[in-house]
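What follows is a set of notes on a single structure, which appears directly below.
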Amino acid sequence: MQRISVTASLGRSTLQFDEAAYARLESYLAEAARTLAGSPDQAEILADLEQAIADQCSKRMQAGLGLVTVAQLQPALDEIGSVQLPGSAPEREAQPARQLQQVSEGALISGVCNGFARYFGVDVTLVRVMAVVLLFASGGTMILVYLALMLLLPYAPSTRGGAPIRKIPAKSRQLAESVRAKFSAATT
Amino acid sequence: MESKLAPIRKGLLEFLVLRIVGGRSVYVPDILRRLAETEFATQEGTLYPLLSKLRREELVQYEWQESDVGPPRKYYRLTEAGKAQLAALDDYWNRLNRTISEIGH
């Protein structure tokens with residue numbers, strides 16, 4: 001045995017749907033209800049839409065055939081279109097989850113304080129002052145905490161694009177280059 | 001170009017609906033037919049939420065009218081506030097038109 005039709009009351013009309021059409025109808029109305037969630041007119045608009053669907057389907061029914069199938073329902077739904085709230089702002093891009101990161105741009109050491117400042121939305125100087133105060137208050141233990149954070153926290157992607165770049169201080173770079181030059185001079 | 005025009009149309013739709021409802025009491029298929037001939041062609045999925053908003057703002061009201069075929073229909077018309085709003089919008093539209101045609105010539 002198979003259930004072949006579902007009777008649905010739509011607005012002030014009553015129609016018979018086959019299973020597939022009924023499922024399609026349910027998902028359209030659920031989607032509309034989601035879009036209208038929070039609108040004070042949700043119930044009214046849904047009732048209007050139900051009536052519109054019923055009218056559109058009736059218009060498309062072949063005479064003498066009492067069952068709405070997807071063949072009638074789909075063009076009806078296409079004509080009605082998805083629900084659009086008036087003046088709704090374009091959907092905002094999903095904000096990436098806020099994550100504690102090191103920010104090497106403008107960093108003094110590695111960017112840990114910079115990262116904390118960005119995470120909490122405060123001035124980086126304030127974070128640095130607090131870090132120095134904590135350094136003395138903790139009797140130096142803060143250095144270990146800082147080192148741990150420096151090693152563990154990921155780097156924020158550079159705002160100038162490209163991969164995050166760990167800034168190597170100019171002096172160290174010069175030193176490394178001169179050592180390399182001397183090494184290659186000595187080995188050749 | 002189209003992406004710049006779409007928001008303009010979207011903003012003007014409410015004005016056009018007020019104009020259409022302003023003439024006489026209409027029901028939704030009337031409004032859709034009037035709009036369908038223009039670049040403001042609109043679907044029920046957009047129009048019903050807009051009408052509900054206008055009704056909540058007390059610019060339009062509706063009444064049920066019996067129909068020869070099928071169930072009763074909602075007929076919309078402007079309230080006094082709606083008429084005042086439409087007059088103000090008409091006025092503004094004319095000024096805007098003048099400004100646009102005068103500027104840059």
Side-chain angles (χ1 to χ4, degrees), chain A residues 7-16 24-25 27-61 63 66 68 72-91, chain B residues 2-18 20-21 26-33 35-37 40-76 82 85 89:
Chain A
T7 307
S9 76
L10 286 170
R12 300 184 174 209
S13 306
T14 304
L15 288 174
Q16 305 265 333
R24 182 75 196 81
L25 177 66
S27 81
Y28 176 87
L29 289 173
E31 170 74 32
R34 263 197 304 281
T35 307
L36 296 169
S39 161
D41 301 316
Q42 188 194 34
E44 184 188 31
I45 297 168
L46 285 176
D48 288 336
L49 287 172
E50 285 185 10
Q51 188 62 61
I53 295 168
D55 293 348
Q56 290 277 354
C57 287
S58 312
K59 208 171 73 184
R60 289 178 163 79
M61 298 289 282
V68 182
Q72 284 99 36
L73 180 65
Q74 194 55 53
L77 294 182
D78 290 344
E79 189 166 334
I80 290 163
S82 62
V83 176
Q84 310 280 334
L85 281 175
S88 57
E91 273 179 41
Chain B
E2 175 57 25
S3 66
K4 291 182 187 174
L5 296 178
I8 298 180
R9 276 202 303 275
K10 195 168 177 168
L12 285 175
L13 181 64
E14 179 174 330
F15 180 31
L16 262 88
V17 168
L18 285 178
I20 294 170
V21 177
V26 287
Y27 87 121
V28 160
D30 292 336
I31 302 175
L32 291 173
R33 253 196 305 279
L35 291 173
E37 304 150 7
F40 289 88
T42 300
Q43 297 179 297
E44 276 132 310
T46 306
L47 191 55
Y48 277 116
L50 177 58
L51 284 169
S52 284
K53 184 185 86 108
L54 293 174
R55 191 191 56 81
R56 182 161 294 276
E57 292 169 355
E58 297 183 346
L59 299 176
V60 304
Q61 58 191 24
Y62 66 82
E63 54 195 9
W64 292 98
Q65 281 184 23
E66 292 300 327
S67 145
D68 302 333
V69 285
R73 297 162 167 178
K74 269 179 175 176
Y75 275 80
Y76 291 85
Q85 169 107 78
L89 280 169

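Throughout, a chain's letter reflects where its sequence line sits, starting with A, and its residues are numbered from 1. What's counted below: heavy atoms across the whole structure, side chains too, no hydrogens, waters or symmetry copies.
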How long is the span from the CG atom in B/L13 to the CD atom in A/Q84, to the nearest 0.5 Å?
11.0 Å
For chain A, find which of B/R73, B/K53, B/Q43 contributes the most heavy-atom pairs closer than 4.5 angstrom.
B/Q43
Is B/Y62 close to chain A through its backbone or its side chain, or both, or neither, when contacts mean heavy atoms under 4.5 Å?
side chain
With a strict 4.5 Å heavy-atom criterion, list every residue of residues 35-42 of chain A that contacts chain B, or say none.
A/P40, A/D41
Quick one: does A/E44's side chain get under 4.5 Å of B/K74's, heavy atoms only?
yes
Only counting residues at least two apart or in another chain, list the ones meeting side-chain hydrogen bond (donor to acceptor under 3.5 Å, both in side chains) with A/T14.
none
B/W64 versus A/R12: any side-chain heavy-atom pair under 4.5 Å?
yes
B/E57 atom CD: more than 12 heavy-atom contacts under 6.0 Å:
yes
At a 4.5 Å cut-off on heavy atoms, which part of B/P71 comes close to chain A: side chain, backbone, both, or neither?
side chain
For A/I80, the side-chain contact (heavy atoms from CB on, under 4.5 Å) test, sequence neighbours excluded, returns A/Y28, A/L49, A/A52, A/I53, A/Q56, B/E44
Suppose we screen for side-chain contact (heavy atoms from CB on, under 4.5 Å). Which residues come up paired with B/Q85, at least two apart in sequence or across chains?
B/L18, B/L59, B/L89
